[in-house]
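I have placed the structure first, in the form of structure tokens, so that the comments after it can refer back to it.
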There are 2 protein chains.
Amino acid sequence: MVRIGEFSKIAQVPASQLRYYDEIGLFSPMRIDSETGYRYYSVQQLAQLNRILALKDLGLALDPIKRLVEKEVSPDEMRGMLALKKAQIEQTLQAEAVRLNAVESRLQLLDREGAFQDDDVVLKSLPAQPFLSMRRTYGNLVETLAGISQMGKTVTQQVEAKALGRFAAVIYGELFEDSNWDLEFGFLLNHSLDLTVALSEETVMEVRELPAVATAVTAMRFGGPENGHLSYSAIGTWVENHQYRLIGPGREVFVVPPRPGHESEMVVEIQFPVEALSA
Amino acid sequence: MVRIGEFSKIAQVPASQLRYYDEIGLFSPMRIDSETGYRYYSVQQLAQLNRILALKDLGLALDPIKRLVEKEVSPDEMRGMLALKKAQIEQTLQAEAVRLNAVESRLQLLDREGAFQDDDVVLKSLPAQPFLSMRRTYGNLVETLAGISQMGKTVTQQVEAKALGRFAAVIYGELFEDSNWDLEFGFLLNHSLDLTVALSEETVMEVRELPAVATAVTAMRFGGPENGHLSYSAIGTWVENHQYRLIGPGREVFVVPPRPGHESEMVVEIQFPVEALSA
DNA sequence: TCTTGACCTTCAAGTAGCTTGAAGCTTTAG
DNA sequence: CTAAAGCTTCAAGCTACTTGAAGGTCAAGA
């Protein structure tokens with residue numbers, strides 16, 4: 001029997017933690033002196049403590065561990081817990097990898113530019129997302145707007161609102177020509193669905209996965225398309241100045257969609273996939 | 001200007017979080033009605049909020065982000081922060097990978113055994129660790145103990161105590177023979193050092209890295225070597241029953257080293273690297 | 001035997017980044 | 001005009017601890 005300080009040295013666990021585990025009833029000393037309150041542990045208890053720490057290392061929370069060591073858990077429940085944990089860890093791994101990517105981008109950027117950028121152009125990484133969309137070539141602005149408006153109505157009628165995310169467009173051609181716009185547009189979805197929406201005999205919207213983008217340059221455009229060239233040129237000069245290169249079609253995500261009579265309040269996020277030109 | 005509810009929908013950020021950011025002075029509404037206290041945001045502020053969220057996505061804490069957006073950070077400081085973050089993320093990635101491994105081991109184990117084991121044999125993953133050690137073949141127990149004892153004295157005299165971890169041994173041969181024990185022993189180190197310790201003309205201890213073990217079966221032995229066979233046979237039967245295979249030399253880590261007169265209180269952790277026999 | 005210092009006790013508060021809930025006021029739609 | 005939805009502040013809760021204050025206990029040396 002040893003006092004808490006020695007046991008904490010042996011087990012390589014801070015005494016405060018042992019007291020805490022005692023307090024929450026997870027792991028208690030062999031004996032507590034009823035006069036002084038001193039905790040006395042036996043080295044035999046190391047085995048138990050190690051089991052607890054091993055489970056904690058798996059990423060389990062203390063509460064489930066408590067039930068585990070008290071044997072209140074069926075094998076099936078245990079299997080469920082572990083499978084859940086596994087899925088969580090896999091997610092975390094993915095998320096961390098993306099994060100690492102983003103941090104590295106920033107670092108490279110900083111090395112080249114020497115200062116932190118303070119304009120409105122921002123690097124992001126974009127996750128893959130299901131996209132209920134159609135692709136077509138439009139002759140002019142009026143035709144496009146009409147198409148979009150009709151699509152909006154049809155979709156909101158046929159698809160439950162909470163599945164629908166933001167309205168978005170992918171721009172395949174050059175927008176700076178006045179005609180023949182090659183566009184894909186539709187709604188981002190909050191979770192993948194298997195559905196199609198028929199707009200007419202010839203045009204059907206389908207769900208596909210909009211691929212993830214490791215690094216994208218993004219900018220916000222406030223107001224209607226008349227401000228569009230501003231944001232595009234901001235992105236264009238930024239990309240040139242910072243030694244990146246466009247590697248895919250741009251996207252516009254409608255953060256605040258235009259409402260009739262309030263078009264000037266609309267907000268669009270413009271996103272371009274890029275990659276760093278390796279020095 | 002919109003109220004907090006609508007802004008929260010647009011920005012996809014809970015209102016409670018916006019209030020919190022206001023409270024800590026990280027991101028405040030454009031205007032607060034002095035009569036009602038209502039917060040009013042402008043859509044233009046989305047750009048600022050998005051910058052903040054992007055930095056948060058990098059894994060930065062809110063406090064540094066606050067200083068960043070208030071531009072109280074030099075590029076060099078920023079570089080330092082990011083480099084630190086990068087290192088942290090890389091660590092996390094490693095740790096998560098190990099964790100995933102361990103969880104998968106447990107799951108496989110559970111699938112084969114159908115129940116959670118409740119004896120004292122536990123699966124762990126072991127990190128790589130620097131090891132100040134020497135390897136020799138010993139003729140018999142007495143010779144071995146003498147060697148160990150001399151080594152302990154010399155090392156504790158020559159190396160600062162706080163660098164020294166636990167005493168440990170790697171067992172290369174079969175211990176069940178009575179002679180010719182092929183052993184490596186010495187002290188685990190808390191951080192890597194570049195040093196050698198000469199025990200005699202012929203024997204010199206050096207620091208080398210004891211490799212990490214993805215999956216190890218471990219057991220605790222309480223008491224002297226006379227209990228040793230118990231733990232070894234426990235591990236042996238466990239490994240057979242659970243369809244694992246030994247893939248490297250075993251280790252003994254002295255958690256509570258023997259003290260003269262109190263040998264029966266010693267505690268040793270026995271570790272064997274294993275791998276699952278793929279079904 | 002006394003003192004000193006190391007060690008132990010409990011209890012309260014702090015950590016990060018929020019979320020939840022209660023009690024009460026304001027705005028908007030019908 | 002009323003009801004519902006939306007807003008306010010303030011307090012407490014979450015995880016897994018750590019830190020610190022105030023005070024009691026133990027072992028060794030003088």
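Residue numbering restarts at 1 for every chain, and letters A, B, ... go by the order of the sequence lines.
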Under the ring-ring contact (aromatic ring centres under 6.0 Å, His included) rule, collect the residues that match up with Phe254(A), sequence neighbours excluded. Phe167(A)
Does anything in residues 11-24 of chain B come within less than 4.0 Å of DNA chain C? Heavy atoms only, and list the residues if so. Pro14(B), Ser16(B), Gln17(B), Tyr20(B), Tyr21(B)
For the pair made of NZ in Lys66(A) and C1' in dT15(D), what is the distance, rounded to whole Å? 14 Å
Its 5'-most and 3'-most nucleotides having an atom under 4.0 Å from a non-hydrogen atom of chain A, DNA chain C is contacted over dC7(C) to dT10(C)
Check Glu6(B) with Lys9(B), please: is the shortest side-chain N to carboxylate O separation under 4.0 Å? no
Applying ring-ring contact (aromatic ring centres under 6.0 Å, His included), name anything that partners Tyr38(B), two or more places apart in sequence or on another chain. none
Comparing nearest nucleotides in DNA chain C, the 5'-proximal residue of the pair Glu35(B), Leu60(B) is Leu60(B)
Glu6(A) CD to dA27(D) P, in whole Å, measures 12 Å
Separation of Arg39(A) atom CZ from dG24(D) atom P, in whole Å? 17 Å
With distance as the sole criterion, is a donor-acceptor pair present between the side chains of Glu269(B) and Gln271(B) under 3.5 Å? yes
OP1 or OP2 of dC17(D) sitting under 4.0 Å from any side-chain N/O of Lys56(A)? yes
Interatomic spacing from CG in Asp22(A) to CZ in Phe27(A) - rounded to 0.5 Å: 9.5 Å
Quick one: is Arg3(A) getting a side-chain N or O under 4.0 Å of the dC26(D) phosphate, OP1 or OP2? no
Just by modelled atom types, is the Glu209(A) backbone N or O under 3.5 Å from a matching donor or acceptor in the Gln129(A) side chain? no
How do Thr36(A) and Tyr40(B) order along DNA chain D: which one's closest nucleotide is nearer the 5' end? Tyr40(B)
ring-ring contact (aromatic ring centres under 6.0 Å, His included) involving Phe131(A) - partner list, sequence neighbours excluded: none
Could you pull out all residues at least two apart from Gln150(B) that satisfy side-chain hydrogen bond (donor to acceptor under 3.5 Å, both in side chains)? none
Between Asp33(A) and Lys9(B), who's closer to the 5' end of DNA chain D by nearest nucleotide? Lys9(B)
Would you say the side-chain atoms of Glu90(A) and Gln88(A) include a donor-acceptor pair closer than 3.5 Å? no
